[in-house]
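Side chains included, hydrogens not; waters and symmetry mates left out as well; all remaining heavy atoms used.
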Amino acid sequence: MPLALYTFGMFTVPADSAANDGFRELNDPIFEMVDQSKGLIARSGYASDPGPNSWGPEVYPRFYRETGDGWSPATLSLWTDMEALFSFTYFGLHAVALKRGREWFQQPRWPPLVMWWHSDPGYPTWAEGVLRHEHLHDHGASPTAFDFKQPYDETGKSTKLDKSRLNKIRAAGI
């Protein structure tokens, strides 16, 4: 069963501000890397951008505040497993971007990401990602919506990252 991921953030200044140049410079190289990641099954594109098709109309959680940009950084993707996703997220170029996140993003009062096991046919939608994201914020981690701090396996049982598998992925440079 694939692992779905939705992420959401809000810039501290308007998106086109020079203060976000570092984010924009890293954005395309990170998308190129994720597209080559062996753990990625697929990712949603954005209706306004070239690239992968969008998985439904783009919507944002209730935490979104319009700043005149009409958008906010968010992603939606499917992964083979938590270890592949964790490795991509917290190592390599994406980890560099995460370390610089305070330069660009508001300190969130919401979870930065949500995961769930996607059992439905096809791809998850942006609307489903938002519902899961808000569920995690409102109710905490559960099989319905969780994060790396309190993950759940495909059967709905609390679990932990497989450190041995994570080390193998990192050693292989995947």
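For the atom pair CG (Leu113) and OG1 (Thr89), the distance works out to 7.0 Å, reported to the nearest 0.5 Å. Between the CG atom of Leu85 and the OG atom of Ser77 there is a distance of 6.5 Å, given to the nearest 0.5 Å. A distance of 8.0 Å separates CH2 of Trp110 from CZ of Phe63, quoted to the nearest 0.5 Å. Here OG1 of Thr159 is found 12.5 Å from CD of Gln150. Values are rounded to the nearest 0.5 Å. A distance of 8.5 Å separates OG in Ser44 from CG in Asn53, rounded to the nearest 0.5 Å. For the atom pair OG (Ser48) and CH2 (Trp71), the distance works out to 8.5 Å, reported to the nearest 0.5 Å.
Cluster annotation: Val114 is not connected to Leu131 through the hydrophobic network of ILVMFWY side chains, with a link wherever side-chain heavy atoms come within less than 4.5 Å.
Here the closest heavy-atom approach between residue Pro57 and residue Trp126 is recorded as O-CB, 3.3 Å. Residues Tyr64 and Glu66 come closest through the heavy atom pair OH-OE1, 2.6 Å. Closest heavy-atom contact between Pro124 and Leu76: O-CD2, 3.6 Å. Nearest heavy-atom pair, Ile169 versus Ser87, reported as atom, atom and distance to 0.1 Å: CG2-OG, 3.5 Å. For the pair Ala84 and Gly39, the tightest heavy-atom approach, listed with the atom from each and the gap, is CB-CA, 3.6 Å. In terms of heavy atoms, Val59 sits closest to Val130 at O-CG2, 3.5 Å.
For Glu134, the salt bridge (Lys or Arg N to Asp or Glu O under 4.0 Å) test picks out Arg62, with sequence neighbours left out. Applying the side-chain contact (heavy atoms from CB on, under 4.5 Å) criterion to Ile41, with sequence neighbours excluded, gives Pro2, Leu78, Thr80. Not counting sequence neighbours, Asp69 has no partner by the salt bridge (Lys or Arg N to Asp or Glu O under 4.0 Å) test. Qualifying ring pair (Phe, Tyr, Trp, His ring centres under 6.0 Å) partners for His94, counting only residues two or more places apart in sequence or in other chains: Phe88. Applying the ring pair (Phe, Tyr, Trp, His ring centres under 6.0 Å) test to Trp116 and every residue at least two apart in sequence or in another chain returns nothing. Applying the side-chain contact (heavy atoms from CB on, under 4.5 Å) test to Glu103 and every residue at least two apart in sequence or in another chain returns Arg100. Here Phe31 pairs with nothing under the ring pair (Phe, Tyr, Trp, His ring centres under 6.0 Å) rule; sequence neighbours left out. Qualifying ring pair (Phe, Tyr, Trp, His ring centres under 6.0 Å) partners for Phe86, counting only residues two or more places apart in sequence or in other chains: Tyr90, Phe148.
For residues 121-132, the pairs satisfying salt bridge (Lys or Arg N to Asp or Glu O under 4.0 Å) are Glu128-Arg132, with sequence neighbours left out. Among pairs with a residue in residues 42-60, those fulfilling salt bridge (Lys or Arg N to Asp or Glu O under 4.0 Å) read Asp35-Arg43, at least two apart in sequence or across chains. Legend: salt bridge (Lys or Arg N to Asp or Glu O under 4.0 Å) pairs involving residues 151-165, not counting sequence neighbours, sorted by first then second residue: Asp81-Arg165.
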Pairs of donor and acceptor atoms involving the side chains of residues 3-18, under 3.5 Å and at least two apart or interchain, shall be tabulated with distances.
{"unit_1": "Thr7", "atom_1": "OG1", "unit_2": "Thr75", "atom_2": "N", "d": "3.1"}
{"unit_1": "Thr7", "atom_1": "OG1", "unit_2": "Thr75", "atom_2": "OG1", "d": "2.4"}
{"unit_1": "Ser17", "atom_1": "OG", "unit_2": "Ala19", "atom_2": "N", "d": "3.2"}

_Stepwise ring pair (Phe, Tyr, Trp, His ring centres under 6.0 Å) test for Trp55 and Tyr46_ = CA-CA 8 Å; Trp55 298 347; Tyr46 310 95; over 10 Å; no

*Derivation and outcome, side-chain contact (heavy atoms from CB on, under 4.5 Å), residues Phe146 and Met82*: CA-CA 11 Å; Phe146 54 90; Met82 280 188 284; 4.1 Å; yes

*Passes side chain to side chain donor-acceptor pair (under 3.5 Å), Trp117 versus Ser119? Steps please.*
CA-CA 6 Å; Trp117 295 102; Ser119 59; over 6 Å; no

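One N or O on the side chain of His133 and one on the backbone of Pro111 form a donor-acceptor pair closer than 3.5 Å.
A ring-centre distance under 6.0 Å is not found for His118 and Tyr123.
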